[in-house]
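Index from 1, following the sequence.
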Amino acid sequence: MRVLIAPDKFAGTLTAVEAAAAIEEGWRRRDPDAEVLVAPMADGGPGFIDVLSAVVDGTLLSVTVRGPLGEETPATVLLAGETAYVETAQACGLHLVEPKQRRPEDATTYGVGQLIAAAVDAGAKRIVLGLGGSGTNDAGAGLLAALGATAVGGSLDAGAAGLASLTEVDLEPARTRMAGIESVAASDVENPMLGLRGATSVFGAQKGIVDNRKPVVDGWLTHFAELADRKTADKKGAGAAGGLGYALLLLGAERVSGIDLVADLTGLKEKASRVDLVLSGEGAFDFQSRDGKVIAGVAKVANDAMRPCVVLAGKVLIGSREMRTMGVESAYSLVDAVGETQAFADPHGSLAAVAERVARTWAR
């Protein structure tokens, strides 16, 4: 039996690398002679560097940057020749701030700009940025400030609230800083930055923006866009990571699918063609899993290779009809198998136990 294990992270419990190891351990309990290929995945959010550093021949550059609320935060840039890989969540991720301390209207992406500057200073001519998991909603204004952009009447590095009283924005210093540098924004989000489908309306709640503040914050971002470039705010991916995609598009970045980029770098298609079964997984297998997320991407690769795809997840919140539409044959839930308490207390052991159960059904 030949098996490809290609999971996403199980948010809050296991990285993609750890999840892949747990699944392999459980599978081998039932099928010790299996040929197992492992390809941990990411869609651009947290875990992006962790996954790529395992397959990209490069070195990690340690950097200390400003976190979302101004605190010093350690981060890394993966350097591979003239290409640098940056995980923006390392500088502005939601996980960096305790829930009770979150102030999404004040959170800044300044640290992301510092990561980009560090990559440029290290000689990078091409920068690939993974977008996702952000705790910020500042339209990437902080990033622009870190690269030299200036403003009058407000502040670019004080979160969305700092944009409210702006009267003028000058992006040219940032564009000059990035002259000759190719930028790629890798994300799973195609939303524009503003309006009902924009960053604030769709993703603001998960960052702590309450409903009655959403129109206010969206208004601040609209005001900023009118000073910077309103048309760019409507482009696909401008709403990624609280508008971080918008700032990168202003600097000339190309927007690509995060899962497609990672799949290419990990050789997922070639690996899928060599196995009998593809296993993927994530913390919650739900309707959001359909749009540009890891499971959707892995299932597509598996289907293109005419291989069945099976999902292991913390929770399965999607029906069999929807699974099949995505190309997933079956899904197994840790919570259903071992209970929620055990799943969180021992995520590795719980995932391994479910993988062993999957092997009983699927191993030849």
Find out if a path of hydrophobic residues (ILVMFWY) with successive side-chain heavy-atom gaps under 4.5 Å connects Val120 to Leu143. yes
Between Ala139 and Ala247, which heavy-atom pair has the shortest distance, and what is it? O-CB, 3.6 Å
Dump the intermediate steps for side-chain contact (heavy atoms from CB on, under 4.5 Å) on Asp304 and Lys269, then the final yes or no. CA-CA 8 Å; Asp304 288 347; Lys269 292 181 180 179; 5.5 Å; no
I'd like to know if the side chain of Ser134 and the backbone of Cys92 have a donor-acceptor N/O pair within less than 3.5 Å. no
One pair to check against side-chain contact (heavy atoms from CB on, under 4.5 Å): Ile23 and Leu351. What are the steps and the verdict? CA-CA 6 Å; Ile23 294 171; Leu351 184 54; 3.8 Å; yes
Spell out, yes or no, whether Leu171 and Ile127 are grouped together once hydrophobic residues are joined by side-chain heavy atoms under 4.5 Å, including indirect joins. yes
Could you tell me if the side chain of Asn137 sits less than 4.5 Å from the side chain of Pro104, heavy atoms only? no
CG/Leu166 to CH2/Trp220 distance, rounded to the nearest 0.5 angstrom? 11.5 Å
Is the closest side-chain heavy-atom distance between Met323 and Ser330 below 4.5 Å? no
So CG of Leu131 and CZ of Phe48: to nearest 0.5 Å the spacing works out to 9.0 Å
side-chain contact (heavy atoms from CB on, under 4.5 Å) between Arg175 and Leu251: does it pass, once the steps are laid out? CA-CA 6 Å; Arg175 287 173 170 153; Leu251 297 179; 3.8 Å; yes
List, by chain and number, the other hydrophobic cluster members for Leu249, where Ile, Leu, Val, Met, Phe, Trp and Tyr join if side-chain heavy atoms come within less than 4.5 Å, directly or indirectly. none
Please name the pair of heavy atoms, one in Asp8 and one in Ala42, separated by the smallest distance, quoted to 0.1 Å. OD1-CA, 4.2 Å
Quick check: do Ile318 and Asp286 have side-chain heavy atoms less than 4.5 Å from each other? no
Checking the side chain of Asn191 only, and the main-chain atoms of Gly198 only, is there a donor and an acceptor separated by less than 3.5 Å? no
How far does CH2 of Trp362 sit from CD of Glu329, to the nearest 0.5 angstrom? 5.0 Å
Check the pair Leu163, Leu227 against side-chain contact (heavy atoms from CB on, under 4.5 Å), reporting the backbone distance first and the verdict last. CA-CA 10 Å; Leu163 309 178; Leu227 293 173; over 6 Å; no
Drop me the distance from Ser183's OG to Leu248's CG, to the nearest 0.5 angstrom. 6.5 Å
Please enumerate all residues that pass side-chain hydrogen bond (donor to acceptor under 3.5 Å, both in side chains) together with Asp33, with sequence neighbours excluded. none
Assigning hydrophobic clusters by single linkage (Ile, Leu, Val, Met, Phe, Trp, Tyr; side-chain heavy-atom cutoff under 4.5 Å), is Ile259 placed with Leu4? yes
Looking at Val36, is its backbone amide N or carbonyl O close enough to the side chain of Arg2 to form a donor-acceptor pair, meaning the two atoms are under 3.5 Å apart? no
Counting N and O atoms only, with roles assigned by atom type, does the side chain of Arg307 sit under 3.5 Å from a partner on the main chain of Ser273, one being a donor and the other an acceptor? yes
Pairing of Glu182 and Arg126 as salt bridge, 4.0 angstrom limit: yes
Verify, without hydrogens or angle tests, whether Thr200 (side chain) and Lys214 (backbone) share a donor-acceptor contact under 3.5 angstrom. no
I need the Ser280 OG to Ile5 CD1 distance, nearest 0.5 Å. 10.5 Å
Using a 3.5 Å distance criterion without hydrogens, assess whether the side chain of Ser333 forms a donor-acceptor pair with backbone atoms of Ala331. no
Exercise: identify the closest heavy-atom pair between Ala359 and Arg30: CB-CB, 3.6 Å
Considering non-hydrogen atoms only, spot the tightest contact between Ala343 and Leu334 and give its length. CB-CB, 4.2 Å
Short question: side chain of Lys271, backbone of Thr266 - any donor-acceptor pair under 3.5 Å? yes
Residues Thr108 and Gly159: closest non-hydrogen pair is CB-N, 4.2 Å
Main-chain N/O of Thr109 paired with Asp138 side-chain donor or acceptor, under 3.5 Å: yes
So do the side chains of Thr88 and Leu115 get within less than 4.5 Å of each other, counting heavy atoms only? no
Just wondering, do Leu194 and Asp218 contact through their side chains at under 4.5 Å, heavy atoms? yes
Taking the basic N atoms (NZ, or NE/NH1/NH2) and the acidic carboxylate oxygens, is any pair closer than 4.0 Å for Glu282 and Lys293? no
Measure the shortest side-chain to side-chain distance between Tyr332 and Thr361 over non-hydrogen atoms and say whether it is less than 4.5 angstrom. yes
Could you check if a side-chain atom of Ile116 sits within less than 4.5 angstrom of a side-chain atom of Met178, using non-hydrogen atoms only? yes
Using only atom types and a distance under 3.5 Å, with no angle test, would you say the side chain of Lys207 pairs donor to acceptor with the backbone of Thr136? yes
If only atom types and distance count, is the side chain of Glu172 paired as donor or acceptor with the main-chain N or O of Asp170 below 3.5 Å? no
Before accepting this row, confirm whether a basic side-chain N of the pair Arg177/Asp121 lies closer than 4.0 Å to the acidic partner's carboxylate O. yes
Should the heavy atoms of other residues, nucleotides or ligands under 6.0 Å from NZ of Lys300 be counted, would the total exceed 12? no
Heavy atoms of Ala160 and Leu221 approach each other most closely as CB-CD1, 4.0 Å
Do Phe224 and Leu156 have side chains that get closer than 4.5 Å, going by heavy atoms? yes
When clusters are formed by joining ILVMFWY residues with side-chain heavy atoms under 4.5 Å apart, either directly or through shared neighbours, do Leu79 and Leu261 land in the same one? no
Partners meeting side-chain hydrogen bond (donor to acceptor under 3.5 Å, both in side chains) with Thr13 (sequence neighbours left out): none
Establish whether Val63 and Leu60 are linked, either directly or via other cluster members, by ILVMFWY side-chain heavy-atom contacts under 4.5 Å. no
Salt bridge flag under 4.0 Å for residues Arg66 and Asp157: yes
Calculate, to the nearest 0.5 Å, the distance between atoms CG and OH belonging to Leu265 and Tyr85 respectively. 4.5 Å
